[in-house]
Amino acid sequence: MEQTYIMIKPDGVQRGLVGEIIGRFEKRGYQLVALKLTTPSREHLEKHYADLAGKGFFKGLINYMASGPVVAMVWEGKDAVKTGRTILGATNPLASAPGTIRGDYAIDVGRNVCHGSDAVESAQKEIALWFPEGVQQYSKGINSWIYE
């Protein structure tokens, strides 16, 4: 099964959307294998967003993401990366469809509630960065009810 990294950003945590977001992934059939509430350091965030370091909005992004706690999660299941991004919606919430997390809860691209890995390779890097201790391996016993 594929794994993806999903993070609820400070705006999502402060607005009380954690349960709603977790519920959407669970209802879709994905298995939560790692979860933590943390306030990341600037250094940690700079590693996470290293690919954006040359962008004009980088400093503001780091300041914002360090401003409060985030919920770091790893979800597992079939096509978890692609489907996870579909559940989240477009990066720009104004382009997100109703029914997606961003389409339902966000307005500004700089406060778009969640981060989701954009590829299997980036998911692996992000999971290693945020969960160096590893993730849980367990069976929910319902996979036969979800997957053929």
Side-chain angles (χ1 to χ4, degrees), residues 1-53 58 60-93 96-147:
M1 289 287 136
E2 191 172 279
Q3 293 182 335
T4 191
Y5 175 73
I6 302 291
M7 176 172 48
I8 304 173
K9 295 179 179 181
D11 57 322
V13 174
Q14 294 298 325
R15 293 175 57 200
L17 299 174
V18 174
E20 172 68 24
I21 293 165
I22 290 172
R24 288 193 186 202
F25 280 85
E26 286 182 327
K27 288 172 189 164
R28 187 64 186 255
Y30 288 95
Q31 182 172 339
L32 182 63
V33 295
L35 171 83
K36 67 173 124 179
L37 178 70
T38 183
T39 302
S41 69
R42 299 179 70 73
E43 179 182 272
H44 189 89
L45 291 164
E46 288 169 359
K47 287 179 188 173
H48 177 82
Y49 288 112
D51 61 320
L52 302 175
F58 184 73
L61 173 63
I62 299 303
N63 287 338
Y64 171 66
M65 291 299 296
S67 71
V70 300
V71 175
M73 302 177 286
V74 179
W75 290 92
E76 186 175 274
K78 188 175 182 181
D79 292 323
V81 172
K82 179 182 172 189
T83 305
R85 290 188 63 83
T86 300
I87 293 168
L88 294 180
T91 301
N92 182 345
S96 291
T100 66
I101 291 167
R102 291 175 178 148
D104 290 349
Y105 298 113
I107 296 171
D108 267 336
V109 70
R111 302 291 186 268
N112 65 1
V113 182
C114 290
H115 163 85
S117 299
D118 62 0
V120 173
E121 298 76 25
S122 59
Q124 291 167 347
K125 289 178 190 173
E126 291 170 349
I127 292 166
L129 177 64
W130 289 89
F131 294 94
E133 67 278 11
V135 301
Q136 293 294 309
Q137 300 298 318
Y138 70 99
S139 174
K140 286 173 46 175
I142 65 166
N143 284 345
S144 65
W145 297 102
I146 298 171
Y147 304 110

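These numbers come from a predicted model, not from an experiment.
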Q | Evaluation steps, side chain to side chain contact (heavy atoms under 4.5 Å, CB included), between Leu129 and His44 | A | CA-CA 8 Å; Leu129 177 64; His44 189 89; 3.6 Å; yes
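- With sequence neighbours excluded, no residue forms a salt bridge (charged side-chain N to carboxylate O under 4.0 Å, His left out) with Glu43.
- Residues satisfying the ring-ring contact (aromatic ring centres under 6.0 Å, His included) criterion with Phe131, sequence neighbours excluded, are absent altogether.
- A donor-acceptor contact under 3.5 angstrom links the side chains of Asn63 and Arg42, judged on distance only.
- In this structure, the side chain of Gln31 does not engage the main chain of Gly77 through any donor-acceptor pair within 3.5 Å.
- Residues Ser117 and Ala123 share a closest heavy-atom pair of OG-CA, 3.2 Å.
- Pairs of residues two or more places apart, or lying in two chains, that qualify as salt bridge (Lys or Arg N to Asp or Glu O under 4.0 Å) and include a residue from residues 104-130 are Arg24-Asp104.
- In this structure, Pro40 and Gly68 approach most closely via the heavy-atom pair CD-O, 4.3 Å.
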Q.
Quick one, Val74 with Thr4, criterion side chain to side chain contact (heavy atoms under 4.5 Å, CB included). Give me CA distance, side-chain angles, the key distance, then yes/no.
A. CA-CA 6 Å; Val74 179; Thr4 191; over 6 Å; no
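- For the pair Phe58 and Tyr49, the tightest heavy-atom approach, listed with the atom from each and the gap, is CE1-O, 3.3 Å.
- Taking the six-membered ring where the residue is Trp, Trp130 and Tyr5 present parallel rings, their angle staying beneath 30° rather than reaching 60°.
- Taking SG of Cys114 as the reference point, atom CG of Leu88 lies at 5.0 Å (rounded to 0.5 Å).
- Closest non-hydrogen pair, Trp75 versus Tyr30, comes out as CZ3-O, 3.5 Å.
- The closest side-chain donor-acceptor pair between Tyr105 and Asn112, if any, does not fall under 3.5 angstrom.
- By the 4.5 Å heavy-atom criterion applied to side chains, Val135 and Ile127 are counted as neighbours.
- In terms of modelled atom types and a separation under 3.5 Å, the side chain of Ser122 and the main chain of Ala119 share a donor-acceptor contact.
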